[in-house]
Amino acid sequence: MIDRLRAGATVLCLVLLTLVSGCASVPSGDGDVQFAEKSDQQWFALRFRLHWPQDQALDFSPHLLIADRFLSPLIANYSEQLPLWRVHRRAARDSAGHRFSFLFYADAETADSVFSSARDNDLLNTLLDHGIIEELQIRTNDYQDNQRIAGTSDPTWSASVQTSWPLFIMGVSRSWIGLIGEVRNETKGPDEDTVEGLLDYYREVSTRVTEIWGREGRHAYLHHLNAVFGYTPVYIFETDSWQNF
């Protein structure tokens, strides 16, 4: 089951009650208002294709290194220009392979600046030089209707879920990156300032984050997500009959 979950295209599943309940709107100077699409904004993607040899087990820990050392300060620097963003983690033995992605809704000028920051980032270039990141992919037209807020949502979902989901998954992504930072603050720094030392360090951070999810996820995250939706049933396994309910 674990291998199956890892192999599939998955999104992060960390949810905090405060983030879920607070991400239904985007703050403005006049108070909270429902987020509106803008004609000059669209979805862009920054994708990191990671090395995953056929004879090696999957290692998700480089995602945490990139998220903590690159994405976290980037998001802080562009907080006013990125009204919506999220991360996506996936690994499968297919053409896309092992990939960690940062998706964001912004104007073209902001996107160019984000992409430039990635190209010029010392950490990312070091990971590229060492073959940890095989390719830095800059994508501007991955999605149909990418000017719509719902442009990256699953098209099989209802229209209301497609439009509101980006706000939810941004809160999830923010929570996950914040948890990484908290665990990093509680963890002794790497023994050596090398790529190998950093990778070993973030494997330790990843192990601790995974332990927290396994130990506290049921109540801190999933229970409170259930509470937001009024403790009503969710259909985990889809069958031909579920549509009748």
Side-chain angles (χ1 to χ4, degrees), residues 1-15 43-72 74-75 85-104 115 118 121 123-139 142-143 151-157 165-166 168-181 183-184 195-214 217 221-222 236-238:
M1 176 61 76
I2 292 175
D3 291 340
R4 183 182 174 188
L5 291 174
R6 285 180 169 178
T10 58
V11 294
L12 300 169
C13 196
L14 288 172
V15 183
W43 285 102
F44 297 92
L46 183 60
R47 304 191 187 277
F48 309 93
R49 183 182 173 93
L50 294 150
H51 187 54
W52 185 25
Q54 288 288 337
D55 59 345
Q56 288 189 12
L58 178 62
D59 181 6
F60 268 147
S61 60
H63 299 190
L64 282 73
L65 169 59
I66 296 169
D68 190 45
R69 296 292 183 103
F70 172 68
L71 285 185
S72 184
L74 178 87
I75 292 164
W85 58 266
R86 66 180 174 95
V87 299
H88 186 268
R89 309 172 73 186
R90 63 98 65 202
R93 297 297 187 183
D94 56 19
S95 58
H98 181 191
R99 198 166 64 183
F100 178 53
S101 301
F102 175 62
L103 289 74
F104 59 97
F115 294 147
N121 185 266
L123 171 64
L124 298 184
N125 283 312
T126 298
L127 294 176
L128 282 163
D129 290 342
H130 283 74
I132 308 302
I133 297 176
E134 292 184 342
E135 183 182 7
L136 181 64
Q137 300 173 341
I138 290 172
R139 311 303 292 267
D142 272 9
Y143 307 96
T152 69
S153 300
D154 191 317
T156 65
W157 298 339
W165 184 79
F168 161 79
I169 201 63
M170 178 175 168
V172 173
S173 299
R174 189 187 297 276
S175 173
W176 178 71
I177 291 177
L179 181 60
I180 294 169
V183 171
R184 184 243 305 139
V195 171
E196 292 76 14
L198 277 175
L199 290 172
D200 286 342
Y201 177 69
Y202 278 92
R203 286 189 189 100
E204 181 181 354
V205 172
S206 181
T207 297
R208 294 191 62 190
V209 169
T210 299
E211 289 172 350
I212 290 171
W213 166 247
Y221 303 133
L222 298 183
I236 302 298
F237 299 102
E238 294 185 8

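Throughout, numbering of the chain's residues begins at 1 and tracks the sequence. Fair warning: this is a prediction, and the values are worked out from it, not measured in the lab.
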>> I'd like to know whether Leu74 forms a side-chain contact (heavy atoms from CB on, under 4.5 Å) with Leu71, so could you lay out the CA-CA distance, the side-chain angles of the two residues, the decisive distance to 0.1 Å, and finally the verdict.
In response: CA-CA 5 Å; Leu74 178 87; Leu71 285 185; 4.1 Å; yes
> What do the steps show when you test Trp43 against Asp142 for side-chain contact (heavy atoms from CB on, under 4.5 Å), and what is the final call?
Replying inline: CA-CA 8 Å; Trp43 285 102; Asp142 272 9; over 6 Å; no
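A donor-acceptor distance shorter than 3.5 angstrom exists from the side chain of Trp52 to the backbone of Gln56, with no hydrogens or angles considered. In this structure a side-chain-to-backbone donor-acceptor pair under 3.5 Å is missing from Ser206 to Tyr202. Put simply, the side chain of Ser175 never gets that close to the backbone of Gly171: no donor and acceptor are under 3.5 Å apart. Side chain of Arg90 to main chain of Gly97: a donor-acceptor pair is present (N/O by atom type, distance under 3.5 Å, no hydrogens or angles).
Counting all heavy atoms, side chain and backbone alike, Phe115 lies closest to Ala45 at CE2-O, 3.7 Å. Taking all atoms of both residues into account, the shortest heavy-atom contact from Glu196 to His130 is OE2-CD2, 4.3 Å. Minimum interatomic distance between Pro53 and Arg93 (heavy atoms only, all atoms of both residues): O-NH2, 3.0 Å. Smallest separation of non-hydrogen atoms from Ala96 and Arg49: O-NH1, 2.6 Å. Leu123 approaches Asn121 most closely through the heavy-atom pair N-OD1, 3.1 Å. His98 and Asp59 make their closest contact through CE1-O, 3.2 Å (heavy atoms, listed as atom of the first residue, atom of the second, distance).
Using cut-offs of 30° and 60° on the angle between ring planes, the pair Phe102 and Phe104 is parallel.
Counting only heavy atoms from C-beta outward, the side chains of Leu127 and Leu65 approach each other to under 4.5 Å. Looking only at side-chain heavy atoms (C-beta outward), Val172 and Val87 stay at 4.5 Å or farther from each other. Using a 4.5 Å heavy-atom cutoff, the side chains of Leu124 and Phe48 are in contact. Counting only heavy atoms from C-beta outward, the side chains of Pro62 and Phe100 never approach each other to under 4.5 Å. Looking at heavy atoms from C-beta onward, Leu198 lies out of side-chain contact with Thr126 at the 4.5 angstrom threshold. For the pair Thr152 and His88, the minimum side-chain heavy-atom distance is 4.5 Å or more. With contacts defined as side-chain heavy-atom distances shorter than 4.5 Å, the pair Ile177/Asp68 does not qualify. Between Leu50 and His63, some side-chain heavy-atom pair lies under the 4.5 Å cut-off.
We find the CD-CG distance between Glu135 and Leu128 to be 9.5 Å, quoted to the nearest 0.5 Å. Summarising the geometry, atom CD1 belonging to Ile212 is positioned 6.0 Å from atom CZ belonging to Arg208; distances are rounded to the nearest 0.5 Å. Distance CZ/Arg89 to CG/Leu64: 5.5 Å, rounded to 0.5 Å.
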